[in-house]
Amino acid sequence: MVEDTIRLTSTVNGGGWTNYMTEFSQTRTVVLTNTAGLHLRAANLFVQLAVTFESKVEVIKDNQCVDGKSIMNLLMLGAVNGSELQIVATGSDAEQALNALSELVAKKFYEDDQEQP
Amino acid sequence: MKFADFIASPAIKADIDADTKEGVIREMVDALTAAGKVAVEESESIVKAILKREELGSTGIGRGVAVPHTKHPSVQKLVGTVAVSDAGVDFNSLDGEKVQLFFLLISPPDRPGDHLRALENISRQLRDDTFCRFLKQAKTSEDIQQLLEEADNNHFAT
């Protein structure tokens, strides 16, 4: 189920081709298994964890891609239980970010089944 | 989901008096009670449940916005209301800023999807700076209602 894809992203700086920076983008697909889905508190935990990494973090659901370090952005996904999300991390610690964030999702945001919304 | 699907227009408050978290929540639940959306005998229990949820972490999500909420078995469908505070209220927001815009939501325990769709709508619309600013400047509940209608008609962010 866990499938990583690595994409090479080239960013051209200063409009020239001589000076460009190359970054790795890594993507991991996760499924929301907690009953309440990506509600406010779950989104907050995700952001709190995401901001500890230097990498840019984005989350994709269907065709919508949002900033994984913004609660309001994550809430815009309206991701219910069973939703498939792709987490995309770009930067030096992308792998660690994906490991930590996918674990948070897999552990159902540490909620029990009687959680508040 | 549109605002019209869950915001009780008669319970909208443009000029909330309360200056504490508990006061705001109480005033908004009272407004829903007066509008007949919440049973009188359940209102205290709803206020307590919302305050208990706040203890788990503030629903002040930044940009001067808070979304106090709870599940409650006394409601059959998602109900909510909007309030605006001119001065702003200390809500222990995640970004430390005072809150001026409040969206209070009460949902049936078995409908997590509706709650998420309401949050989706609120966060999507509030992304639009103009909508956010107009709401904060609204002087009457009619102004707010009109802004919500315009948002429902995709006048702002889509």
Side-chain angles (χ1 to χ4, degrees), chain A residues 30-53 56-87 101 104-105 107-117, chain B residues 1-2 5 46 48-73 75 78 80 91-95 101 103-129 131-132 157-158:
Chain A
V30 296
V31 175
L32 287 177
T33 55
N34 64 316
T35 315
L38 195 56
H39 60 119
L40 206 156
R41 204 147 34 83
N44 187 26
L45 286 175
F46 191 97
V47 170
Q48 298 295 320
L49 187 55
V51 297
T52 63
F53 297 97
K56 179 176 168 186
V57 175
E58 290 160 303
V59 180
I60 302 170
K61 178 177 163 274
D62 304 325
N63 293 319
Q64 193 173 190
C65 177
V66 301
D67 181 358
K69 296 185 179 182
S70 155
I71 295 177
M72 276 212 208
N73 270 238
L74 288 175
L75 293 179
M76 278 172 45
L77 295 175
V80 298
N81 167 281
S83 296
E84 190 176 281
L85 305 177
Q86 283 174 292
I87 309 173
L101 292 167
L104 178 68
V105 175
K107 296 222 163 126
K108 305 183 181 216
F109 302 93
Y110 307 102
E111 290 167 352
D112 54 49
D113 276 341
Q114 290 95 50
E115 83 274 21
Q116 293 269 321
Chain B
M1 188 179 279
K2 291 176 180 290
D5 296 327
I46 290 171
K48 291 227 162 71
I50 295 174
L51 287 170
K52 198 168 168 216
R53 164 60 187 83
E54 289 293 327
E55 284 172 17
L56 298 172
S58 177
T59 60
I61 53 176
R63 301 193 71 188
V65 178
V67 193
H69 61 268
T70 190
K71 293 176 189 167
H72 203 272
V75 296
L78 175 66
F91 219 74
N92 314 110
S93 285
L94 302 170
D95 65 355
L101 291 182
F103 289 83
L104 184 136
L105 303 172
I106 308 165
S107 47
D110 58 344
R111 305 294 295 272
D114 287 352
H115 174 72
L116 287 173
R117 279 182 279 274
L119 286 178
E120 175 188 354
N121 181 52
I122 293 167
S123 49
R124 184 180 304 278
Q125 298 292 353
L126 289 176
R127 252 180 105 201
D128 187 282
D129 290 334
F131 178 64
C132 225
T158 49

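In this text, all values refer to a predicted model and were calculated from it rather than measured experimentally. Within every chain, numbering begins at 1; the chains are lettered A, B, ... in the order of the sequence lines, protein sequences first and strands thereafter.
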Against chain B, residues from residues 68-76 of chain A with at least one heavy atom under 4.5 Å, in numeric order, are A:I71, A:M72, A:L75, A:M76

Inter-residue atom distance A:Q64.CD - B:E120.CD, 0.5 Å rounding: 7.0 Å

With a cut-off of 6.0 Å (strictly less than), are more than 12 heavy atoms of other residues, nucleotides or ligands near CZ of B:R111? no

Listed partners of B:P112 passing side chain to side chain contact (heavy atoms under 4.5 Å, CB included), at least two apart: none

Tell me, side chain or backbone of A:A79 under 4.5 Å from chain B's heavy atoms, or both, or neither? backbone

Does A:K61 NZ have over 12 foreign heavy atoms under 6.0 Å away? yes

In B:L56, B:L116, B:T59, B:L105, the residue satisfying side chain to side chain contact (heavy atoms under 4.5 Å, CB included) with A:L40 is B:T59

